[in-house]
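The sequence lines fix the lettering, A, B, ..., with proteins before strands; numbering per chain opens at 1.
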Amino acid sequence: MVSVETLFDKVKKWISSFVVGRGYTNMMTGYMTGELQSLVFALILASFFRIFSIPLGMILLVAVIAGIFYFAPIITTLEKENSNDLNRVLFWVVIYFAVIIAVTLWGR
Amino acid sequence: MSAYPSNLWSIPLLVVIPILVAVVVNLIYNRARLIKVISLASAICLALITLFSSYGYHWFTGQPALRPETLTFTFDPGLPAWRLALEFYFGPLQQAMIFIMSLILIFVVAVATSGLTKRQGPYMGMIFLLYASAAIIIMVNDFYHLWIAVEIGSLVVAGVVVGSGTSVSHKAALKYTFFSALSGAGLAIALALILGLTGYPNISDAIMYIQSVNLGEMSIILYVAFGFFVLSWIYAGGLAPIHPLKSEVYGASFPHGTAMLQTQSKLMLVAIGIVMLRVFGNLPFVREVMLAISVITMMLGVVMALIQTDFRWILAYLIVSHSGLVTVGISLGTTEGLVGGIFQAINDVIYMTVLLLCCEALYYFGGKTSTRHSLGLAKKAPWLGVAIILGTMAASGIPPFNGFQSEIILIQASLKAGLPEVAAVILMVSVTTFIALFRAIYRLFLKPPETSEPIVEAKVPMVLHVGLWVLVAITLIIGIYPNIVVSFITPVAEAVSLPWYL
């Protein structure tokens with residue numbers, strides 16, 4: 001059985017591996033804070049789905065936690081997806097539109 | 001109340017004056033002094049009209065609501081009666097919103113005419129058209145004018161951004177205009193579907209029809225209309241996923257132009273949001289969808305603001321994020337939520353203008369807004385340092401500034417609706433706003449300069465000083481006496497609100 005301390009060390013080492021170079025520059029502090037904020041926001045957003053269905057909220061919460069560990073650091077992905085490239089924005093608009101129609105029709 | 005309806009005198013003036021000014025200043029093109037006088041006088045005039053006007057309707061065809069028992073016409077918006085009219089309505093909410101917009105217009109005009117050296121006429125024309133489009137959307141109570149004003153508003157946004165004259169701003173404007181084709185067409189389809197379903201172009205009439213007639217299987221049309229309507233709402237307010245384009249628009253404009261753009265955008269969000277709530281609010285999952293979009297916008301905006309390295313872009317993303325704060329309240333749809341959302345929009349417009357005017361002042365100290373280099377500006381311009389810190393405190397919801405009052409109402413509304421997650425996100429947005437802004441303030445103002453290169457210093461125009469301190473004072477006054485604004489909002493919020501079901 002893995003002790004708590006060993007697991008903690010492993011996670012700490014894994015998170016530290018994302019920090020390359022000086023971890024205290026102006027840019028880096030912004031990214032680190034952004035990463036932490038994104039993680040918390042993602043968890044809150046997942047739990048928000050409980051208003052549709054509690055089991056769905058629970059499943060999403062677990063999925064988000066797993067996703068965070070798999071995809072971290074997510075701030076860089078967010079930054080890329082946040083591009084103002086027209087095609088990318090159009091892609092997200094289409095997805096949003098489809099989800100909105102689907103969710104409201106489901107509610108019906 | 002008279003049996004014969006008469007139009008309210010102030011409503012056409014609030015639309016026609018800005019359009020006329022736009023035409024006149026375009027014609028006189030580069031005559032700076034004359035443009036300044038006409039624009040400032042008109043902006044002050046608009047503020048006074050808003051302040052002293054009584055409440056009532058302007059209808060283009062049809063009639064105001066007909067009181068069934070006495071068969072007299074009435075201006076009471078709460079009365080369920082057929083209006084059959086293309087109309088504008090000017091009430092307490094419209095008064096508060098248009099007055100704040102007029103106030104911002106006065107300072108934007110004063111600052112723009114002091115700083116701009118060429119093409120003043122067309123630029124000022126665009127600023128006034130922006131005002132006109134927002135005023136129409138705030139007052140409108142029919143689908144035709146709503147669509148027209150949203151279309152004009154989108155194009156004028158592009159005009160203001162292009163007026164900044166850089167290649168970046170041209171690119172941003174072009175991208176934004178591309179999407180106006182999509183959302184404008186979407187809104188037209190939504191309105192056509194509602195019109196086809198109900199047969200009424202008047203928004204109040206259409207709502208009464210939807211509520212009183214069993215639509216049966218035809219109700220599915222309403223869901224599709226809602227989808228297209230949301231698309232237009234997202235576009236007009238720069239909510240996710242359009243936010244990269246909107247933040248680019250904000251970042252690529254002159255800071256004073258951005259002040260007017262964000263004012264138009266937030267007030268449009270409120271006006272269109274209320275229409276959506278009235279028309280679709282009773283459909284299942286509609287408010288949840290609006291709420292999800294708002295929360296995502298808040299999150300993305302504030303996180304992106306954290307990783308920006310230019311003060312202008314930090315502000316651009318924070319404006320987007322705070323648009324989400326506005327729409328959270330509207331989406332909740334409860335009385336407290338609506339009061340919080342609309343109050344937040346008004347407060348947001350004021351404190352963001354403070355921060356944008358501070359950003360404009362940075363142009364007079366060499367124009368460096370990048371946070372990559374420290375400038376130590378606090379020594380050179382302590383007044384600017386104080387103003388920006390006060391603006392930051394207001395934006396972060398720190399008492400006794402106005403941001404605190406609206407955010408606390410929003411948090412209470414979320415908790416009351418049984419949504420602690422939303423309250424947590426609002427709190428996090430407040431804290432993160434403070435972090436994002438203070439990172440920039442520390443680099444630009446507080447940290448000693450890294451190079452011995454002297455900071456260029458030009459004389460900051462007096463109007464910029466006046467604008468900054470008047471607006472800072474307003475943030476403080478509203479923060480201490482929130483009822484000055486809330487009393488205008490509450491009656492509408494009570495009339496429109498729907499209970500939150502959980």
Between the side chains of [X] and [Y], is a donor N or O closer than 3.5 angstrom to an acceptor N or O?
{"X": "Ser154(B)", "Y": "Ser180(B)", "result": "no"}
{"X": "Asp310(B)", "Y": "Ser370(B)", "result": "no"}
{"X": "Tyr176(B)", "Y": "Asn84(A)", "result": "no"}

Need one label for [X]: side chain, backbone, both or neither, based on atoms under 4.5 Å from any heavy atom in chain A.
{"X": "Tyr442(B)", "answer": "neither"}
{"X": "Ala292(B)", "answer": "both"}
{"X": "Val425(B)", "answer": "both"}
{"X": "Ala305(B)", "answer": "neither"}
{"X": "Val422(B)", "answer": "side chain"}
{"X": "Met299(B)", "answer": "both"}

Heaviest contributor of heavy-atom pairs below 4.5 Å to chain B, chosen from Val93(A), Asn82(A), Val89(A), is Asn82(A)
Worksheet item: Checking ring-ring contact (aromatic ring centres under 6.0 Å, His included) for the pair Phe226(B)/Phe280(B): CA distance, chi angles, key distance, verdict?
Response: CA-CA 7 Å; Phe226(B) 171 71; Phe280(B) 306 105; 5.4 Å; yes
Parallel, tilted or perpendicular, as decided by the 30° and 60° cut-offs, for the rings of Tyr317(B) and Trp313(B)
tilted
query = Under the side-chain contact (heavy atoms from CB on, under 4.5 Å) criterion, do Leu291(B) and Leu419(B) qualify, and how do the steps go?
reply = CA-CA 11 Å; Leu291(B) 201 56; Leu419(B) 295 167; 3.6 Å; yes
